[in-house]
*Asks:* 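Right, I'll just put the structure down here and ask away after.
These figures come from a predicted structure and were not determined experimentally. Worth knowing before you read on, the calculation uses all heavy atoms, side chains too, and leaves out hydrogens, waters and symmetry mates. When a residue number appears, it is its place in the shown sequence, counting from 1.
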Amino acid sequence: MLRTAFCFLLVTCAFGQANAPQVDPRETTILALERMWNEAQVNRDSAALDAMVGDHFIDTEWDGQISDKPKFLSDIRDPLFRPSSMTSQDVSVVFYGDTAIVTGTYHTKGTYQGKPYDHIGRFTDTWIAHGSKWQCVSSHSSLVKK
């Protein structure tokens, strides 16, 4: 009886593994980079963001402003910019060859120039495999609720 129960358990586990969806390892990497991006912004870590964004990076902000890489990194270092939290939800990744398009919603809080902000919006990030690492080449955010 014990041997039969053990065999049943093995078959059940094997069946469960066979039906488990396979996660693309690139997706795991991109999602980790997105989490690191949020942490780097909250910590105002421009060196970490510098390593994540491509040389020709373009950022379109919620208010319509467009920044290149130097301006984006300068804004992160601005002492008047004090984010306290940044989270993403409903994140999805779609691959087109060596390009990943990431979409989701975000919620960020903090102060800028001494005034509090609390934004909820949507974002689209475009990542490309550049050599052996992924770099974000474009980011766009749209404000849903201020």
*Asks:* Check Ala48 against Ala40 and note the closest heavy-atom contact, atom names and distance.
*Replies:*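 Heavy-atom minimum between the residues: CB-CB, 4.0 Å.
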
*Asks:* Do Leu73 and Met52 sit in the same hydrophobic cluster, where Ile, Leu, Val, Met, Phe, Trp and Tyr count as joined when their side-chain heavy atoms come under 4.5 Å apart?
*Replies:*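 Looking at the clustering, Met52 is in the same group as Leu73.
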
*Asks:* Drop me the distance from Lys133's NZ to Leu33's CG, to the nearest 0.5 angstrom.
*Replies:*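 Taking NZ in Lys133 and CG in Leu33, the distance rounds to 10.0 Å.
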
*Asks:* Report yes or no: do Leu31 and Met36 belong to one cluster of Ile/Leu/Val/Met/Phe/Trp/Tyr joined by side chain heavy-atom distances under 4.5 Å?
*Replies:*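 Leu31 and Met36: one cluster.
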
*Asks:* If you group Ile, Leu, Val, Met, Phe, Trp and Tyr by side-chain heavy-atom gaps below 4.5 Å, do Trp62 and Val91 land in one group?
*Replies:*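 In one cluster: yes.
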
*Asks:* Find the distance between CD (Glu61) and CG (Asp59) and round it off to the nearest 0.5 Å.
*Replies:*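 Here the interatomic distance stands at 4.5 Å.
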
*Asks:* Would you give the length of the straight line joining atom CG of Leu80 to atom NZ of Lys115, rounded to the nearest 0.5 angstrom?
*Replies:*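 Separation between the atoms: 11.5 Å.
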
*Asks:* Got a second to check how far Leu49's CG is from Gln41's CD, nearest 0.5 Å?
*Replies:*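 Going from CG on Leu49 over to CD on Gln41, the span is 6.0 Å.
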
*Asks:* Going by the salt bridge (charged side-chain N to carboxylate O under 4.0 Å, His left out) test, which pairs reach into residues 88-109, not counting sequence neighbours?
*Replies:*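 Checked against salt bridge (charged side-chain N to carboxylate O under 4.0 Å, His left out) - neighbours excluded - no pair reaches residues 88-109.
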
*Asks:* Report yes if some heavy atom in the side chain of Phe81 is under 4.5 Å from a heavy atom in the side chain of Thr111; otherwise report no.
*Replies:*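 Not touching, per the 4.5 Å side-chain cut-off.
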
*Asks:* Decide whether Asp118 and His107 meet the rule of one side-chain donor and one side-chain acceptor closer than 3.5 Å.
*Replies:*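 Present: a donor and an acceptor within the cut-off.
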
*Asks:* Step by step, work out the side chain to side chain donor-acceptor pair (under 3.5 Å) result for Ser88 and Asn38.
*Replies:* CA-CA 8 Å; Ser88 300; Asn38 289 348; 3.0 Å; yes

*Asks:* Using side-chain heavy atoms (C-beta onward) and a distance below 4.5 Å, is Thr105 in contact with Val144?
*Replies:*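 In short, these two side chains do not touch, never coming nearer than 4.5 Å.
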
*Asks:* Hydrogens and angles aside, do Thr103 and Thr124 bring a side-chain donor and acceptor to less than 3.5 Å of each other?
*Replies:*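 No donor-acceptor contact under 3.5 Å links the two side chains.
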
*Asks:* Centre-to-centre under 6.0 Å for Phe57 and Trp127, is that the case here?
*Replies:*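 Ring centres of Trp127 and Phe57 not closer than 6.0 Å.
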
*Asks:* What's the separation between atom CD1 in Ile66 and atom NE2 in His140, rounded to the nearest 0.5 Å?
*Replies:*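 One finds 8.0 Å between CD1 of Ile66 and NE2 of His140.
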
*Asks:* How close do Arg77 and Arg44 get, heavy atom to heavy atom, and via which atoms?
*Replies:*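 Of all heavy-atom pairs spanning Arg77 and Arg44, the closest is O-NH2, 2.7 Å.
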
*Asks:* Output the distance between atom NZ (Lys69) and atom OG (Ser74), rounded to the nearest 0.5 Å.
*Replies:*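 Those atoms lie 14.0 Å apart.
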
*Asks:* Quick one: are Trp37 and Cys136 in side-chain contact, heavy atoms under 4.5 Å?
*Replies:*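 Yes; the side chains approach each other to less than 4.5 Å.
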
*Asks:* Tell me whether Gln89 at atom CD has more than 12 heavy atoms from other residues, nucleotides or ligands lying less than 6.0 Å away.
*Replies:*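 Yes.
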
*Asks:* Can you check whether Asp75 reaches Ser67 side chain to side chain, under 4.5 Å on heavy atoms?
*Replies:*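 Yes. Closest side-chain heavy atoms under 4.5 Å.
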
*Asks:* Answer yes or no: is there a donor N or O on one side and an acceptor on the other, between the side chain of Asn43 and the main chain of Glu39, under 3.5 Å?
*Replies:*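 Side chain of Asn43 to backbone of Glu39: a pair is present.
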
*Asks:* Check Thr28, Thr29, Asp24 against Arg26 for a side-chain hydrogen bond (donor to acceptor under 3.5 Å, both in side chains) and give me the one that passes.
*Replies:*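 Of the listed options, the one satisfying the test is Asp24.
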
*Asks:* Heavy-atom distance under 4.5 Å between the side chains of Pro83 and Tyr117, does that happen here?
*Replies:*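 Answer yes - side chains close enough.
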
*Asks:* How close do Val53 and Phe72 get, heavy atom to heavy atom, and via which atoms?
*Replies:*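 Nearest heavy atoms, Val53 then Phe72: CG1-CE2, 4.3 Å.
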
*Asks:* Taking the six-membered ring of Tyr112 as reference, does the cationic atom of Arg82 (NZ for Lys, CZ for Arg) lie under 6.0 Å from its centre and within 45° of its axis?
*Replies:*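 Negative - Arg82 is either too far from the ring of Tyr112 or too far off its axis.
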
*Asks:* Might you point out which heavy atoms bring Phe95 and Ala100 nearest each other, and give the distance in Å?
*Replies:*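 Smallest interatomic distance, heavy atoms only, reads CE2-CB, 3.6 Å.
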
*Asks:* Are the side chains of Leu143 and Tyr106 in touch, meaning some heavy atoms are under 4.5 Å apart?
*Replies:*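 Side-chain contact under 4.5 Å: yes.
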
*Asks:* Between the side chains of Asp125 and Ser138, is a donor N or O closer than 3.5 angstrom to an acceptor N or O?
*Replies:*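 Asp125 vs Ser138: no donor-acceptor pair found between side chains.
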
